[in-house]
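Comments concern the structure below.
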Amino acid sequence: MKILIRNGRVMDPARGFDQPADIAIDGGRIAAIGAAPEGFAAEREIDASGCWVLPGLVDLAVRLREPGHEHEGMLQSEMAAAVAGGVTSLVCPPDTDPVLDEQGLVEMLKFRAEKQHKSRLFPMGALTVGLKGEVLTEMAELTESGCVAFGQADVPLSSVTTLSRALSYANTFGYAVWLRPQDKDLGKGVAASGALATRMGLSGVPVAAETIALHTIFELIRGSQTRVHLCRISSSQGVELVRRAKAEGLNVTADVSINSLLLTENDIGYFDSSARLVPPLRQQRDRDALSAALADGTIDALVSDHTPVDEDAKVLPFAESEPGATGVELLLSVAVKWSRDHGVPLARALAVVTSAPVAVLGQALGEQLGQLGRLQEGGVADLCIVDPDAAWTVEGKALASQGKSTPFAGYELPARVRCTLVDGRIAFENTL
């Protein structure tokens, strides 16, 4: 379909473009930004007056819950939630059931996702078979089936030897390894260690669980030179270690979740299980350090860490409830709120959910899809139209995701997606 988006404020943080312009779309590509090509006859016109026209968001942490956890989420519901939030590309962690450790499983997941005609799905392959930390997966076969990186999701490796072998093998073939830094033994608690956890009688996760893992990872990278992405940094001490590693020249990138960026342990309130998260919410000094690091580029990307959880698993006592929260529909609004509340340039707030995640994925996307996260003539027509003045209150039941639990329930957030296009097709349209 030939589509003309008129009168919008077009913003592409990747090239510093920010000005009123029309966008002409033809054959899944951006035919023009500005005046439409001669002879262009739009089959559909969209009036974007008063709205931003942005690159489609790229979310590096979205659990779709299928296969294996269909009672908590399904491809249909979670990918609908993604495009409702302006997310046109997403990375799915490998901790499905069965685990994404075989070529056939990855191919089937991709095939079923493509049938939804929603967001683009980029699977992450399991680093070890069954995520058990013992035998390395066939990374070459998984790459052929579409995996963009390899990781353990939230299952830390207990064997440094296995991690060392995995990093060396991945580096040999140019694969990226994604790791959430957490020591297996120290990370077994349910809340951040500190006065609040002690007062509430909750088992704590010390900052050392993150920093010890980071020290180990960095030491191994010095030997292997592997490209490593650090998932969901959560502490000020962790931020400082990442900053030093980058200054040293280690090939690392990092992300932070929307939960850790805006919330603290105080949001647990009176044992509110919606704030039962992994990694746990930490103190205000950690939140402030994470915010500053995302702003200055020490942390590269902002992720939703979308993990829909069944309601029955959330009504249990805090320590027994299942960790996780719905977030993919909130990613853009949280980024805009962060910009406005913390004085972060809007271009940076938009970059951390568009072009910066694409840079993290790097060569795994290939030349054509490497254009994602930006708006340019001839580029892929993945974009979203956003009303920046449409403040909205988060209500779990109103979210498109099958999972309704979110620690942001009751929060008023800015900016609402009006329309999302993927590959030049309208994947979501808000008719309200």
Side-chain angles (χ1 to χ4, degrees), residues 56-126 130-131 142 145-155 178 180 231-232 255 257-259 277-278 301 303-311 313-314 322-332 353 357 361 364-365 369 372 382 396 399-406 420 422-423 427-428:
L57 274 61
V58 180
D59 193 339
L60 300 179
V62 179
R63 287 179 171 82
L64 303 171
R65 290 309 204 184
E66 189 178 342
H69 301 273
E70 287 82 359
H71 62 290
E72 296 183 305
M74 301 182 70
L75 284 175
Q76 182 177 2
S77 62
E78 305 319 301
M79 298 197 84
V83 291
V87 175
T88 58
S89 297
L90 57 89
V91 176
C92 170
D95 52 350
T96 50
D97 185 14
V99 169
L100 297 181
D101 58 4
E102 294 183 6
Q103 192 171 13
L105 294 171
V106 174
E107 291 173 347
M108 178 59 70
L109 181 62
K110 287 200 67 175
F111 174 77
R112 296 188 63 184
E114 288 169 2
K115 297 284 283 185
Q116 300 295 322
H117 299 294
K118 300 293 185 183
S119 298
R120 301 176 190 270
L121 170 65
F122 298 104
M124 186 193 309
L131 298 178
L142 290 171
S145 64
C147 288
V148 293
F150 298 92
Q152 285 288 112
D154 285 332
V155 184
W178 292 26
R180 188 173 75 79
C231 305
R232 284 165 288 152
D255 67 49
S257 80
I258 58 174
N259 306 310
L277 303 166
V278 173
V303 304
S304 69
D305 192 24
H306 180 74
T307 308
V309 176
D310 181 66
E311 184 178 358
K314 279 294 189 183
E322 183 176 343
T326 291
V328 70
E329 293 164 77
L330 313 181
L331 180 60
L332 175 63
V353 292
L361 289 166
L365 293 180
L369 293 181
L372 297 175
D382 285 14
L399 297 175
S401 171
Q402 190 170 316
K404 307 301 182 183
S405 177
T406 168
T420 303
V422 180
D423 200 25
F428 168 80

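Between Arg65 and Asp310 there is no salt bridge, since no side-chain N of the basic residue sits under 4.0 Å from a carboxylate O of the acidic one.
The two residues Gly86 and Thr420 come nearest to each other via the heavy atoms CA-OG1, 3.6 Å. Between Trp178 and Met124 the shortest heavy-atom distance is CE3-CE, 3.2 Å. Heavy atoms only, all atoms of each residue included: Ser89 and Asp382 are closest at OG-OD2, 4.2 Å. Minimum heavy-atom separation, Ile258 to Ser304: CG1-O, 3.8 Å. In this structure, Val422 and Ala427 approach most closely via the heavy-atom pair CG2-CB, 3.9 Å. Taking each heavy atom of Leu90 and Ser119 in turn, the nearest pair found is CD2-CB, 3.9 Å.
Residue Leu369 holds its CG atom at 10.0 Å from CG of Leu361, rounded to the nearest 0.5 Å. We find the CD-CD distance between Glu311 and Gln402 to be 11.5 Å, quoted to the nearest 0.5 Å. For the atom pair CG of Asp305 and CG of Leu60, the computed distance is 11.0 Å after rounding to the nearest 0.5 Å. Atom CG of Asn259 sits about 5.0 Å away from atom CG of Leu277, to the nearest 0.5 Å. In this structure, the separation between OG on Ser257 and NE2 on His306 is 13.5 Å, given to the nearest 0.5 Å. From Leu142, atom CG reaches atom CG of Leu100 across 8.5 Å, with rounding to the nearest 0.5 Å.
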Side chain to side chain contact (heavy atoms under 4.5 Å, CB included) assessment of Thr307 paired with His69:
CA-CA 11 Å; Thr307 308; His69 301 273; over 6 Å; no

Is there a side chain to side chain contact (heavy atoms under 4.5 Å, CB included) between Cys231 and Asp255 once you walk through the steps?
CA-CA 5 Å; Cys231 305; Asp255 67 49; 4.2 Å; yes

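Using a distance-only test at 3.5 Å, with no hydrogens or angles considered, no donor-acceptor pair links the side chain of Glu78 to the main chain of Gln76.
Side-chain contact between Thr406 and Glu329 is absent, with no heavy atoms from C-beta onward closer than 4.5 Å. Leu105 places none of its side-chain heavy atoms less than 4.5 Å from the side chain of Thr96. Counting heavy atoms from C-beta on, the side chains of Leu75 and Leu109 come closer than 4.5 Å. Using a 4.5 Å heavy-atom cutoff, the side chains of Ser401 and Val328 are not in contact.
Screening residues 108-118 for side-chain hydrogen bond (donor to acceptor under 3.5 Å, both in side chains) gives Glu66-Arg112 as the qualifying pairs, with residues at least two apart or on separate chains. Legend: salt bridge (Lys or Arg N to Asp or Glu O under 4.0 Å) pairs involving residues 90-108, not counting sequence neighbours, sorted by first then second residue: Arg63-Asp95.
Each of Asp423, Leu365, Thr88 was evaluated against Arg120; a single residue qualifies, Asp423, per the side chain to side chain contact (heavy atoms under 4.5 Å, CB included) test.
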